[in-house]
Trainee: 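Dropping a structure here in structure tokens format, bear with me for questions.
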Amino acid sequence: MNMKRFFEPLILQPKPENAITIAVSSRVLFNMEKEQQIYEHQGMEDYIKHQVEHETEPFSAGPAFSFIKALEAVNTRLRELYPDSEELFDVVLMTNNHANVGLRLINTINHHRLFIERFCMTGGNSPIGYLKAYHTNLYLSADPVKVREALGEGIAAATMFTQEKMKEVSETQLRVAFDGDAVLFSDESERIYKAHGLDKFFEHEKAHENKPLDHGPLKGFLEALGKLQKKFYDKGQRMDCPIRTYLVTARSAASSGTRALKTLRSWGLEIDEALFLAGAPKGPMLEKIRPHIFFDDQMFHVEGAAEMGTVACHVPYGIAQRVTKKGTMNEETSSAPK
Amino acid sequence: MVATVENTDVKQKDADRALIVAVTSRSVFESGADDDGDEEVYKVGTAFPLLQALQRVNERLLEENPAESLLFDVVLITTDRQQQQQSSRIISSTRHYGLEVGRFCFSSEEDFTESLLTNNVQLFLSTDAMEASQASQKGVVSAQLDQHAASCPSEQLRVLFCGDAVVRLSSSPAPASQQAPQSFSAQLGEMRQRFGLFDSPVSVVLVTSRGGRESCGTALRTLRSHGVSVDEAYCLAGAPRGPMLSLIRPHFLLSVGFSDLKE
């Protein structure tokens with residue numbers, strides 16, 4: 001019999017509940033702009049046909065690519081120090097794509113030497129159930145509708161966009177930057193600012209300096225990063241820690257910033273660098289920091305960061321979503337495969 | 001002794017072209033605590049929604065092409081003496097629910113596998129694992145119907161292929177034990193092709209539980225070589241299967257390539 005029958009060995013991926021699971025859609029991990037155009041202008045059948053015809057041609061990197069690569073660098077360091085631990089980053093490819101595109105995606109993952117062994121190609125069905133089944137800590141997608149849905153289910157999520165400019169980032173240290181209000185913290189103070197103006201905002205923050213703000217959608221993710229950082233500190237690697245976190249906020253150090261810092265302290269969370277811009281644009285500061293990813297609830301800041309080459313993503317949460325600025329990036333995407 | 005009865009309520013399918021699926025009557029109808037025949041009609045069982053889904057696929061196939069011959073041909077089969085005695089109740093229940101059953105096979109535990117073969121059954125479904133295994137050993141593609149999976153009210157027929165045991169074939173033709181699964185897959189694949197990517201009454205799903213992307217890629221290629229285009233694919237790499245299966249909600253599970261594999 002010319003037949004080999006065998007079971008694939010069990011790949012040693014961590015259990016979802018032990019790992020920090022990052023679910024990423026295909027369109028943000030890779031650049032699928034050309035294919036997206038085909039889908040939008042020629043329809044699904046032509047899109048699939050094109051994908052299958054070009055199955056052996058790998059996609060190039062998308063906005064989330066360097067972030068995902070950096071996660072693997074952290075994993076390598078964690079495995080060196082804690083070889084038996086399952087507290088690692090686990091990346092799941094979570095796409096709406098039809099499984100016909102599967103082989104091209106697998107070929108691309110192989111080509112770029114990414115360590116992605118788990119994926120869901122839902123063929124058009126909602127990813128939400130699968131996000132929950134994987135205990136997802138962060139979901140990144142090009143589709144704002146799915147991102148909003150995930151946020152509604154209590155899953156940290158952000159919308160990513162294709163950027164023309166992406167500055168070079170570290171290959172050895174993962175850097176994650178967060179806006180404060182409506183990202184790490186709730187939007188309660190932003191509401192006051194929007195309703196009553198800057199002066200009232202300062203007054204309110206000073207008066208409530210010692211009352212911790214409520215938590216925002218990305219607090220849990222910062223917490224997860226902090227947990228991993230501590231593992232490096234416990235082994236004496238504070239100076240050489242491959243994870244660094246940043247708070248980049250429009251609050252000012254002199255006044256409203258205090259409440260932010262006290263809130264983080266009350267949560268037992270550390271942030272490596274807090275940058276209080278007192279309303280100045282975030283782009284130039286981020287360009288100096290070079291984070292792999294920056295989360296903000298306001299498209300104005302996301303665009304500003306992206307213009308200067310920082311990979312910025314939008315957290316569609318809170319009061320800022322009701323007040324949109326002119327000239328924002330087109331958030332409306334068709335129900336395209338992601 | 002096996003008795004085969006045609007269901008005169010239903011138009012008979014083209015035996016050469018149809019995809020013959022046998023389902024046990026015990027799976028379709030719930031035998032109540034008292035089977036004394038007081039009630040004319042059984043209550044619906046685990047496999048009832050499955051039959052409805054198969055029926056829906058046929059309806060849509062005929063919508064696309066009224067002369068379509070690649071249709072599901074459902075055979076209701078009894079696999080024990082007790083059910084075998086209940087023939088009239090089984091027939092009247094089938095008629096009562098308007099189920100598109102082409103034939104009834106009244107066999108017992110000794111001869112049901114033979115009647116599967118004589119009826120050229122290409123897929124045998126039962127809630128009983130032993131029965132599925134016995135049929136498998138005779139070379140009939142078989143699957144055990146899961147209590148939960150098959151009773152989910154999904155309108156769309158959802159067929160799950162498990163890609164964990166991968167058969168790598170060399171260039172020689174498929175051995176006998178491979179022909180039945182491959183020909184079934186090929187016909188199912190052809191049926192799926194009658195519909196577009198959206199709004200299909202049948203969806204083909206692949207799950208690889210143990211391996212990573214390589215085993216999933218291999219399974220996709222294997223299915224493609226058998227003429228099956230997969231709609232949804234889930235590569236678990238060891239993540240717990242239970243939560244995924246309850247989201248995927250398949251009507252039944254098949255192995256890629258093998259019908260007699262024990263996981």
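Below, chain A is the first sequence line, B the second, and so on; all start at residue 1. If you're wondering where the values come from, they're calculated on a predicted model, not measured in any experiment.
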Trainee: Under the criterion side-chain hydrogen bond (donor to acceptor under 3.5 Å, both in side chains), I'd like the reasoning laid out for B/Arg224 against A/Asn100: C-alpha separation, chi angles, the key distance, then a yes or no.
Mentor: CA-CA 9 Å; B/Arg224 187 191 271 178; A/Asn100 263 333; 4.7 Å; no

Trainee: Taking heavy atoms only and a threshold strictly under 4.5 Å, list by residue number the residues of residues 53-65 of chain A that touch chain B; give 'none' if the list is empty.
Mentor: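 Result: A/Glu55.
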
Trainee: For the pair A/Leu103 and B/Arg221, evaluate side-chain contact (heavy atoms from CB on, under 4.5 Å) and give the outcome as yes or no after the intermediate values.
Mentor: CA-CA 8 Å; A/Leu103 287 169; B/Arg221 281 192 196 90; 3.8 Å; yes

Trainee: How long is the span from the CD1 atom in A/Ile106 to the OG1 atom in B/Thr218, to the nearest 0.5 Å?
Mentor: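 Spacing of CD1 (A/Ile106) from OG1 (B/Thr218) equals 8.5 Å.
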
Trainee: Of all of B/Val205, B/Val230, B/Leu247, which one pairs up most often with chain A through heavy atoms under 4.5 Å apart?
Mentor: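 Heavy-atom pairs under 4.5 Å are most numerous for B/Leu247.
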
Trainee: For A/Val52, is it the side chain, the backbone, both, or neither that has a heavy atom closer than 4.5 Å to a heavy atom of chain B?
Mentor: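 Just its side chain gets close to chain B.
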
Trainee: Among B/Ile248, B/Thr208, B/Val207, B/Val204, which residue has the highest count of heavy-atom pairs closer than 4.5 Å to chain A?
Mentor: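 Highest number of heavy-atom pairs under 4.5 Å: B/Ile248.
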
Trainee: For B/Phe198 and A/His98, what are the C-alpha separation, side-chain angles and deciding distance, and is it a side-chain contact (heavy atoms from CB on, under 4.5 Å)?
Mentor: CA-CA 10 Å; B/Phe198 294 118; A/His98 194 271; over 6 Å; no

Trainee: Step through the shown structure and confirm whether more than 12 heavy atoms of other residues, nucleotides or ligands are within 6.0 Å of NZ on B/Lys138.
Mentor: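 Not more than 12 within 6.0 Å, no.
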
Trainee: Which residues, numbered in order, of residues 120-128 of chain A come under 4.5 angstrom of chain B by heavy-atom distance?
Mentor: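 A/Cys120, A/Met121, A/Thr122, A/Gly123, A/Asn125 fall under the 4.5 Å cut-off.
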
Trainee: Give me the atom names and distance for the closest heavy-atom approach of A/Asn110 to B/Arg213.
Mentor: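 Looking at all heavy atoms of both residues, the closest pair is OD1-NE, 2.6 Å.
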
Trainee: Between A/Arg118 (side chain) and B/Leu236 (backbone), is there a donor-acceptor pair under 3.5 Å?
Mentor: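 Yes; at least one donor-acceptor contact below 3.5 Å.
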
Trainee: Within a 6.0 Å radius of atom CD on A/Glu171, are there more than 12 heavy atoms belonging to other residues, nucleotides or ligands?
Mentor: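 Not more than 12 within 6.0 Å, no.
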
Trainee: Given heavy-atom pairs under 4.5 angstrom as the criterion, report whether the side chain, backbone, both or neither of A/Leu93 touches chain B.
Mentor: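 For A/Leu93, neither part sits under 4.5 Å from chain B.
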
Trainee: Can you name the nearest heavy-atom pair linking B/Gly212 to A/Glu117, along with the distance?
Mentor: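 Of all heavy-atom pairs spanning B/Gly212 and A/Glu117, the closest is CA-OE1, 3.2 Å.
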
Trainee: For residues B/Gly196 and A/Glu45, report the shortest heavy-atom separation together with the two atoms involved.
Mentor: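 For B/Gly196 and A/Glu45, the tightest heavy-atom pair comes out as CA-OE2, 4.0 Å.
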
Trainee: Which pair of heavy atoms, one from B/Ala239 and one from A/Tyr134, lies closest together, and at what distance?
Mentor: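 The answer is CB-CE2, 3.7 Å.
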
Trainee: Counting only heavy atoms not in B/Phe195 (residues, nucleotides, ligands), do more than 12 fall under 6.0 Å from its CZ?
Mentor: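 It does: B/Phe195 CZ has more than 12 such atoms within range.
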
Trainee: Is the shortest side-chain heavy-atom distance between A/Tyr130 and B/Pro243 below 4.5 Å?
Mentor: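 Result no, sub-4.5 Å side-chain heavy-atom pair not found.
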
